[in-house]
Amino acid sequence: MKYKVLLTDYEFENLKYEEEVFAKSGLDIEFIKAQCKTEEEVIKAAEYADAILNQYAPLSRRVIESLRNTKIISRYGVGVNTIDVEAAKEKGIIITNVPDYGMEEVSNHALALLLSWARKVTLLNNEVKKGNWDFKVSVPIHRFDKQTVGVLGFGRIPRKFIEKVKPLGFKLAAYDPFVSAEDMKAAGVQKMELDKIIREADYLSVHVPLIKDTFHLLNGERFSQMKKTAVIINTARGPIIDEKALVEALEKGVIAGAALDVTEDEPIEKDSPLLNMSNVIITPHSAWYSEEAMVELRQKAANNIVQVLSGDVSPYALT
């Protein structure tokens, strides 16, 4: 049997890793490459696909309901916010992701953003390059053991992040309604409810998935509850933070700063006030990246498709 596998969109220079996985699978696969941007383009390209490999193209309910043969949708990455998972479930389509490919990279990036803020490395670097050789521009800086790092979420990546932060001496707290206080205590972390961790964190690192309940989880009301010296770190998804409210909170000194690898619109709008704020660090959704992680991501996303088309169960199946 010949299978049609559609790649909805991609930003890689070549597709050699995916092609190698499909070639070694023993299946007769026609690998169709597209660069779909809209629902209409996906509907046209995917109607008869047996499997879909997806990066950013929208796989809405309308798209999914138009599919005739699709057995699996495999997404590059951890998040599946490009896909209407409920619609796929109703249609009997298996959804897979790759939740473990970038644990080291994202936790390292969050740590780098934390340390850059805690020691104000980026601020001092920029001031020196402007000709200002004066440590006082960084005042105040405090010892790590006098500060609390709060973590939103307690899945794979935040656990890795916590492992790396712990030896530095910070007090550690986490919020996750699905994890017990005992599990957190075993990892050396104090479990806190959301309102409490918002109030007590000096650094608040975001690691929750983007779902309906976490959209704008951090908003104007919550910023007003935070310490004026608090800094938000986000390596998860941009819309978890209400960006307009964040800008206002930063401008008015409601909180001290932010370190963002993700923004509500990506790429960030060129006129975004965040780009001109000295108390904001921004990286271009790069926390996931290393050469090794990229290869692992692509191989595993393709292998999810091979497993399902072969009649096996993918360990990364969400539906």
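Note that these values count all heavy atoms, side chains included, but never hydrogens, waters or copies made by symmetry.
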Notebook entry, point to check: Are any non-hydrogen side-chain atoms of Val78 and Tyr101 less than 4.5 angstrom apart?
Noted result: yes

Check: Under the criterion side chain to side chain contact (heavy atoms under 4.5 Å, CB included), which of Asn279, Ile281, Ile282 is the partner of Leu274?
Finding: Ile282

Checklist line | Side chains of Leu204 and Val231 in contact at under 4.5 Å (non-hydrogen atoms) | finding: no

Next item on the list: Would you kindly say whether His216 and Glu243 are connected by a side-chain donor-acceptor distance under 3.5 Å?
Entry: no

Margin query: What verdict does the salt bridge (Lys or Arg N to Asp or Glu O under 4.0 Å) test give for Lys37 and Glu41, after you've listed the backbone C-alpha separation in whole Å, the side-chain angles of each residue and the deciding distance to 0.1 Å?
Written below: CA-CA 7 Å; Lys37 302 295 183 187; Glu41 289 173 343; over 6 Å; no

Margin query: For a side chain to side chain contact (heavy atoms under 4.5 Å, CB included) check, start with the C-alpha distance between Leu260 and Val262, then their side-chain angles and the critical distance, and finish with the verdict.
Written below: CA-CA 5 Å; Leu260 310 172; Val262 288; 5.8 Å; no

Notebook entry, point to check: Does the side chain of Val189 come within less than 4.5 Å of Val151's, by heavy atoms?
Noted result: no

Item checked: hydrophobic_cluster_shared for Ile268 and Tyr56, side chain cutoff 4.5 Å -> no

Check: Does a donor on one side chain and an acceptor on the other come within less than 3.5 Å for Tyr203 and Gln147?
Finding: yes

Note to self: Taking Glu193 first and then Arg199, would you say they form a salt bridge - that is, a charged N and a carboxylate O separated by under 4.0 Å?
What the structure shows: no

Residues 63-75, side-chain donor-acceptor partners within the protein, below 3.5 Å, at least two apart:
from: Glu65; atom 1: OE2; to: Arg61; atom 2: NH1; distance (Å): 3.3
from: Ser66; atom 1: OG; to: Val63; atom 2: O; distance (Å): 2.5
from: Arg68; atom 1: NE; to: Glu47; atom 2: OE2; distance (Å): 2.5
from: Arg68; atom 1: NE; to: Tyr48; atom 2: OH; distance (Å): 3.4
from: Arg68; atom 1: NH2; to: Glu47; atom 2: OE2; distance (Å): 3.0
from: Asn69; atom 1: ND2; to: Tyr48; atom 2: O; distance (Å): 3.4
from: Thr70; atom 1: OG1; to: Ala49; atom 2: O; distance (Å): 2.8
from: Lys71; atom 1: NZ; to: Asp50; atom 2: OD1; distance (Å): 3.2
from: Lys71; atom 1: NZ; to: Asn69; atom 2: O; distance (Å): 3.3
from: Ser74; atom 1: OG; to: Thr96; atom 2: OG1; distance (Å): 3.2
from: Ser74; atom 1: OG; to: Ala301; atom 2: O; distance (Å): 2.7
from: Arg75; atom 1: NE; to: Gln55; atom 2: O; distance (Å): 3.0
from: Arg75; atom 1: NE; to: Thr82; atom 2: OG1; distance (Å): 3.1
from: Arg75; atom 1: NH1; to: Gly79; atom 2: O; distance (Å): 2.7
from: Arg75; atom 1: NH2; to: Gln55; atom 2: O; distance (Å): 2.7

Notebook entry, point to check: Is the shortest distance from a Lys or Arg side-chain nitrogen in Glu19 or Lys33 to a carboxylate oxygen in the other one below 4.0 Å?
Noted result: yes

Notebook entry, point to check: Would you call Arg143 and Asp145 a salt bridge, taking side-chain N to carboxylate O under 4.0 Å as the test?
Noted result: no

Margin query: Tell me which one of Arg156, Lys300, Arg159, Lys160 satisfies salt bridge (charged side-chain N to carboxylate O under 4.0 Å, His left out) with Asp100.
Written below: Lys300

Notebook entry, point to check: Linking I/L/V/M/F/W/Y whenever their side-chain heavy atoms sit closer than 4.5 Å, directly or via other members, would Phe161 and Tyr175 fall into one cluster?
Noted result: no

Next item on the list: State whether a side-chain donor-acceptor pair under 3.5 Å links Ser107 with His109.
Entry: no

Check: Without hydrogens or angle criteria, can the side chains of Thr148 and Glu200 be said to hold a donor-acceptor pair below 3.5 Å?
Finding: no

Checklist line | Salt bridge Lys2-Glu30, side-chain N to carboxylate O under 4.0 Å | finding: no

Margin query: Would you say Ile305 ends up clustered with Val85 if hydrophobic residues are merged whenever their side chains have heavy atoms under 4.5 Å apart, either directly or through other cluster members?
Written below: no

Notebook entry, point to check: Under a 4.5 Å side-chain heavy-atom rule over Ile, Leu, Val, Met, Phe, Trp and Tyr, are Ile83 and Leu210 clustered together?
Noted result: no

Item checked: Side chain Asn234, main chain Arg237, donor-acceptor under 3.5 Å -> yes

Item checked: Phe12 six-ring face occupied by Arg298 cation (under 6.0 Å, within 45°) -> yes

Check: Will you find, in the side chains of Thr235 and Asp261, an N or O donor that is under 3.5 Å from an N or O acceptor?
Finding: no

Item checked: Side-chain donor-acceptor pair present, Ser60, Asp84, cut-off under 3.5 Å -> no

Checklist line | N-O pairing of Lys130 and Glu127 below 4.0 Å | finding: yes

Note to self: Same cluster or not: Leu113 versus Met103, using hydrophobic residues (I, L, V, M, F, W, Y) connected whenever any side-chain heavy atoms lie under 4.5 Å apart?
What the structure shows: no

